[in-house]
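In what follows, chains carry the letters A, B, and so on, assigned in the order in which the sequence lines appear, proteins first and then strands, with residues in each chain numbered from 1.
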Amino acid sequence: MFEALDLDDPQRAAATHGDGPLLIVAGAGTGKTTTLAARVANLLGRGVRPERLLLLTFTRRAAREMLLRAETMSGHPEAGRVWGGTFHGVGNRLLRLHGRALGLSPDFTVLDQGDAADVLGLLRDELGLATGDRRFPRKETLASIYSRTVNAATPLDEVVARHYPWCTDDVGDIRALVTAYTERKRRQHLLDFDDLLLFWRALATSPETGPAVAGMFEHVLVDEYQDTNALQADILDGLRPPGTPRNLTVVGDDAQAIYGFRAATVRNILDFPARFPGTTIITLEHNHRSSQPLLDTSNAVIARSPQRHPKTLWTERTTGTRPVLRACLDEIGQADAVCRAVLAHRELGVPLMRQAVLFRAAHHSDVLEVELARRNIPFVKYGGLRFLEATHVKDALALLRVLENPRDEVAWFRVLQLPAGVGPATARRLMQTIGVYDENADPVVTFIDSQVEVPAGSVAQVNQLRSALSGCADEGLMTPAAQLERIRAYLGPVLERRYDAPAARLADLDQLVLLAQGYEARGRFLAELTLDPPASASDLAGPPSLDEDWLVLSTIHSAKGLEFDVVHVIHASDGNIPSDMALRDDDEVEEERRLLYVALTRARHALHVTYPQRFHHTIRRERFSTALVSRFLDHDDVRATFDVAGPDVDVREDGGPAVAGVVSVDELLAGLFGAPGAS
DNA sequence: CACGCTTATATTTTT
DNA sequence: TATAAGCGTG
């Protein structure tokens, strides 16, 4: 079955490898997705039951795509029954099945990073840490400190000293806070992202449950291994029963490690052969993606990385256009240059969907997005979408969460403050009254049935909340979507009271109802939404138009593993790549270099790298600074691989307004040919 | 005690 | 930009 598949020799060796640990060191564009999918297909072909296979990927989307390909390759219709997903997603499923042995209730609530920060914020108040004369770290910072400590498996003092030095004096308080946080999560059946990994490891390593869990899987395959952390490595270690062959396959590229901020460590790849004796190592160096001129640039950039596992990528596609490095006057000039290049490639036959604009931080595309909208160039943006972080979306989900887990304190705290006139103090008192903290109480029923004491002006609104909850709780047969419809009806007036323009927010709630369609169980919907939130506006609303073409905008992180015919990297200036925020030590700077490398290696045929020579600070509006090209590109040998272009002086001169005549002609033409309603 | 106002402040990347 | 903390008012 593999003969038809067009694998090169090392790929085939990896796909058909028998039992025992296998490390595939796969350079960018060397077809690791194909190889991994082929290996899954091969295992299925050898008679391994799909449900005895575990495929761990970085995103759920990656798992889906890989299993789809495996299904096509193998002609095996059951690849869908393979256990596939992220570490967190699989941990969630396993813990709902087997968590009872660890004292977990199977209907625990999963907290995302924001929820975790909210819990920490509540405790921060309760412990009186915010009221001192000293500033205490913000709840978001506290959540990062906690998460980093857990994932890096490093003592708190060290993490704080190294990554949060300004919090050194607060370590004692942070420690007390974390103790309270852990205790509260346990009492309220809450698991944060890190708990999913911690409990999974506990499940896998416990003498009681370990053998059963380890026995579930005959083969385990892990993608993007360079971006896993110490905790995840421990989990893999515990995932095979002692004395059986370690049928563990990991794929990764140390040159593409970009999740150090999440405590990922390249040690996992480097130490793999030592940790799993008898490891077979296969290196993929044959690049099937990029033309040689683009590889020359990528190779030159990564060659300066000091801690590199040396690899020489090569390709048969020795011809092709050279990449372009373009300095622009300012962000407007950059947006203009990108639009022109995008349209020029489209004229040459590259659809917008095969082109991507990549950037370091989500807000780097703001100016470009305005320009694209102005020119009627459709696009979807990946990364940086904060749909689930919007207050009104959190409110709706909090109502659902209260119904699912009546002990969920943060959800109650949010829900009870929805009626006007009820603030933090009243909410806290109500939570005591209805028994949120009482293991044997049913707070939802108590709240609905008993007359609780609230401020006189709030009675009517509290009754509306009561009736909304009872409307959802009454019927056990109501689907999550139907419950959300009821919640939306309740929240309508609340949003109208609170916001000037409630329409857009109500539309978000409609999206939420749509996302819930097809789910039978409320708990499952909540957990999956948390673990796999919509990654782009198109995930929510569907593509801009079904028969239309659209440009991809993405953070570099979210573009990991993807490829495009044409890639435009923007804001390639020092301060953005590398980010000013990531200059604390050499390790951080090197991670930024690899980030640029990841961006460059997404391109198949053409690559445009641009940077504005002057850009405005979004914070202090009046100020702008002069930017230099990224330090990773500012070397003669790197520049030599580019065609270098200067600013587009015909667009703007020294920051003045665009030439009036050009604009009015464009507007005239847009009026004649543009879509109805477009200016 | 809630809420609307002001001022200071810190900003990346994501499961 | 958006959140947190502080202050005055009802």
- Item | Whole-Å gap separating P (dT15(B)) and CD1 (I235(A)) | 17 Å

- Item | Nearest-angstrom distance from the residue atom NZ of K560(A) to C1' of dT15(B) | 11 Å

- Which nucleotide in dT11(B), dC1(B), dT14(B) has an atom nearest any side-chain atom of A425(A): dC1(B)

- Task: Would you mind listing every side chain to side chain donor-acceptor pair (under 3.5 Å) that reaches into residues 109-121 of chain A, with sequence neighbours excluded?
- Result: T109(A)-N405(A), D115(A)-R401(A), D118(A)-K139(A)

- Residues two or more places apart in sequence or in another chain: which of them pass side chain to side chain contact (heavy atoms under 4.5 Å, CB included) with R262(A)? F58(A), Y259(A)

- Decide, yes or no, whether a salt bridge links D395(A) with R498(A) under the criterion of side-chain N to carboxylate O below 4.0 Å. yes

- Closer than 4.0 Å, any side-chain N/O of T426(A) to the OP1 or OP2 of dA2(B)? yes

- Query: Nearest to the side chain of R360(A), which nucleotide is it out of dT13(B), dT14(B), dT15(B)?
  - Reply: dT13(B)

- E224(A) CD to dT14(B) P, in whole Å, measures 14 Å

- Task: For D194(A) and for R138(A), find the nucleotide of DNA chain B with the closest heavy atom, then tell me which residue's nucleotide is more 5'.
- Result: R138(A)

- P455(A) near the nucleic acid: base, sugar-phosphate alone, or nothing, with a heavy-atom cut-off under 4.0 Å? nothing

- T141(A) or A427(A), whichever maps to the more 5' nucleotide of DNA chain B: A427(A)

- Message: Whether R498(A) contacts dA2(B) is assessed here as follows: a side-chain N or O lying under 4.0 Å from the phosphate OP1 or OP2. Is that the case?
- Response: no

- Query: What is the nucleic acid contact for E591(A), judged by heavy atoms within less than 4.0 Å: base, sugar-phosphate only, or nothing?
  - Reply: nothing

- Parallel, tilted or perpendicular, as decided by the 30° and 60° cut-offs, for the rings of F87(A) and W200(A): tilted

- Message: Can you measure I570(A) atom CD1 to dT13(B) atom P for me and round it to whole angstrom units?
- Response: 13 Å

- Please give, in whole Å, the distance from dT15(B) P to F199(A) CZ? 23 Å

- Query: Could you give the CZ-to-P distance, from R497(A) to dG4(B), as a whole number of Å?
  - Reply: 9 Å

- For Y259(A) and dT14(B), is the gap between ring centres under 5.5 Å while the planes differ by less than 30°? no

- Note on the structure: Side-chain contact check for A361(A): nearest option of dT15(B), dA4(C), dT12(B) is dT12(B)

- Task: Let me know the distance between NZ of K139(A) and P of dT9(B), rounded to the nearest Å.
- Result: 20 Å

- Task: Verify, without hydrogens or angle tests, whether N268(A) (side chain) and T228(A) (backbone) share a donor-acceptor contact under 3.5 angstrom.
- Result: yes

- Query: Counting any heavy atom closer than 4.0 Å, what does R124(A) reach on the DNA or RNA strands: base, sugar-phosphate only, or nothing?
  - Reply: sugar-phosphate

- Roughly, in whole Å, what's the span from CG in L526(A) to P in dT15(B)? 18 Å

- Under 4.0 Å between a side-chain N or O of S579(A) and OP1 or OP2 of dT13(B)? no

- Query: Distance check: side-chain N/O of T555(A) vs OP1/OP2 of dT14(B), anything under 4.0 Å?
  - Reply: yes

- Item | Residue H557(A), side-chain atoms from C-beta onward, closest of dC3(B), dT12(B), dT14(B) | dT14(B)

- Query: Think R466(A) forms a cation-pi with F447(A), using NZ or CZ under 6.0 Å from the six-ring centre and within 45 degrees of its axis?
  - Reply: yes

